[in-house]
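Here is the structure we will look at.
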2 protein chains.
Amino acid sequence: MPRPKTHDEALRVRLLDRASELLAAEGARALSLRRLAADVQTSTTAVYSLFGSKPGLVNALYSEGFQRFDERLRSVPRSGDAVEDVVRLGLAYRDSALAHRRLYAVMFTSAVPGFEPDEQASKLAMSALQPLWDVVAHGIAAGAFADVPTEVIAVSCWACAHGLVSLELNETLPREIDFCRAYERSIRANANGWRR
Amino acid sequence: MPRPKTHDEALRVRLLDRASELLAAEGARALSLRRLAADVQTSTTAVYSLFGSKPGLVNALYSEGFQRFDERLRSVPRSGDAVEDVVRLGLAYRDSALAHRRLYAVMFTSAVPGFEPDEQASKLAMSALQPLWDVVAHGIAAGAFADVPTEVIAVSCWACAHGLVSLELNETLPREIDFCRAYERSIRANANGWRR
DNA sequence: ACCCTATCGGGACGCTGTTACGAAACGGGT
DNA sequence: ACCCGTTTCGTAACAGCGTCCCGATAGGGT
């Protein structure tokens, strides 16, 4: 009976797509609701009826980001050697982060001031790293890694990769390093440090 | 001949102190020029004549933060064993970060939207990690670490610590971990991975 | 043709960083 | 003693932000 809905699923994906573009092209500063709404030829109200708030919109981007992360990591082929597999996952992690560096900033540094992921998004984030957990658990069971709780080694590997990527994206590092090579060596050394 | 200056060095430190407090107590969101100026009983103009802009103010906080970092790391006693020293520096790094967690967010994640450190501040940031570079270089020279460029191992250790602290502060980690112990073990494993 | 109602867009509110401009406050010249 | 010139500072305006309210809208049922 009322006027037809235009704030529908189609508009939702258009908003998300454009928000991704804005974020990737010009960073978190440029992601304003007014601009976003204007670019998609709607009003800011659309964001509120579809996402609840700006943090709600960012939460959707966050979830999308971790979903891509999930797919990317899950598609990494296994070698059977635990250290080698950790290295492969680490390289895929970096590739994925560099491919969407602004989104990575939203996911791991609080680039959007008011935003914090809701519980569902946080679970999605953790589950994206399941491949790493699997590889580490398998490595421990096979006797390749030290006999400590899986999380300890998995978090260590994750943090090593995350720290390297984070420093690289922040451009905090000395410029003259061949970072790609150093990255792989570092991931490998870290994993080797956990050998039995 | 003109009216006496009140935007002087004393006001500068009062502004910085209060800005630190606001940042530590309520986070980057609460650090607004109007509020800051009101709290110190001056006007926003003061920030502009003393720091040039809000990013300028944050740049000063950033520098202060790395200076404290520098002092903290420089005061860590050396044991002579390279791996042990890396672990000690890592623990001090975490202590310092946890003691000023909001400032850490400004220093390593871009928590204040418009801010990027100027060249001088960036140099200060690098020099704060000199102790780590020294320990690693000494470890390589003594044959404890593999014979690779110093930066490679130093950045690896730094990234491992930074990644762990970053994930801890971001509360991205599974809750049930005894993080303090896991942190030390992880730093040690990473350093051990670089053994010759 | 009319009304009812869910829905949407424009505009208001309070906030932000930044800047332009007029007021203020002093020393020196008349 | 008065006034002026110069420098410095606080106020207010501007553009933009996220958010929310309220009036306009557009369709189906009577």
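If you're wondering where the values come from, they're calculated on a predicted model, not measured in any experiment.
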Do T44(A) and dG18(D) share a donor-acceptor pair, side chain to base, under 3.5 Å? no

Please confirm whether the shortest side-chain N or O distance from S32(B) to OP1 or OP2 of dC15(C) is below 4.0 Å. no

Determine the interplanar angle of the Y93(A) and F69(A) rings, folded into 0 to 90°, and report it as parallel if under 30°, tilted if 30 to 60°, perpendicular if over 60°. perpendicular

Distance in angstrom units between L36(B) CG and dG10(D) P, rounded: 13 Å

Testing dG9(C), dT7(C), dT16(C) for proximity to the side chain of K5(A), the answer is dT7(C)

Residue whose closest nucleotide on DNA chain C lies nearer the 5' end, S53(B) versus P4(B): S53(B)

For H7(A) and dA6(C), is the shortest distance between a side-chain N/O and OP1 or OP2 below 4.0 Å? no

With distance as the sole criterion, do the side chain of R34(A) and the base of dG16(D) form a donor-acceptor contact below 3.5 Å? no

Touch class at under 4.0 angstrom, heavy-atom based, for S49(A) against every strand present: nothing

Among dG9(C), dT19(D), dC9(D), the nucleotide that comes nearest once only the side chain of L33(A) is considered: dT19(D)

So P55(B), base contact, sugar-phosphate only, or nothing? Heavy-atom distance under 4.0 Å. sugar-phosphate

Walking DNA chain D from its 5' end, the first of S43(B) and K54(A) to be reached, judged by nearest nucleotide, is S43(B)

Starting at CZ of R3(B) and ending at P of dG5(D), how long is that distance when rounded to a whole Å? 19 Å

When you get a sec, tell me which of dC8(C), dG10(C), dT19(D) is the closest nucleotide to the side chain of Y48(A)? dT19(D)

May I ask you to say what L50(A) touches in the nucleic acid, namely base, sugar-phosphate or nothing, with a heavy-atom cut-off under 4.0 Å? nothing

Calculate the interatomic distance between D8(B) atom CG and dC9(D) atom C1'; express it in whole Å. 13 Å

Should T42(B) be listed as having a side-chain N or O under 4.0 Å from OP1 or OP2 of dG10(D)? yes

Distance under 6.0 Å and angle within 45° of ring axis: R94(B) vs Y183(B): yes

In plain terms, say whether R35(B) and E26(B) are close enough for a salt bridge, that is, a side-chain N and a carboxylate O under 4.0 Å apart. yes

In this structure, how many angstroms lie between the P atom of dC20(D) and the CZ atom of F51(A), rounded? 17 Å

How long is the line joining CG of L57(B) and P of dT18(C), in whole Å? 10 Å

Whole angstrom is fine here: how far is it from CZ in R35(B) over to P in dT18(C)? 18 Å

Out of dA25(C), dC8(C), dG10(D), whichever nucleotide has its closest atom nearest the side chain of T6(A): dC8(C)

In whole angstroms, how far is the P atom of dC17(D) from the CZ atom of R29(A)? 10 Å

F115(B) CZ - dT16(C) C1' separation (whole Å): 19 Å

Regarding R72(A) and D95(A), does a basic nitrogen lie under 4.0 Å from an acidic carboxylate oxygen? yes

E21(A)/R18(A) ion pair, N-O < 4.0 Å: yes

Any non-hydrogen side-chain atom of W194(A) less than 4.5 Å from a side-chain atom of V148(A)? yes

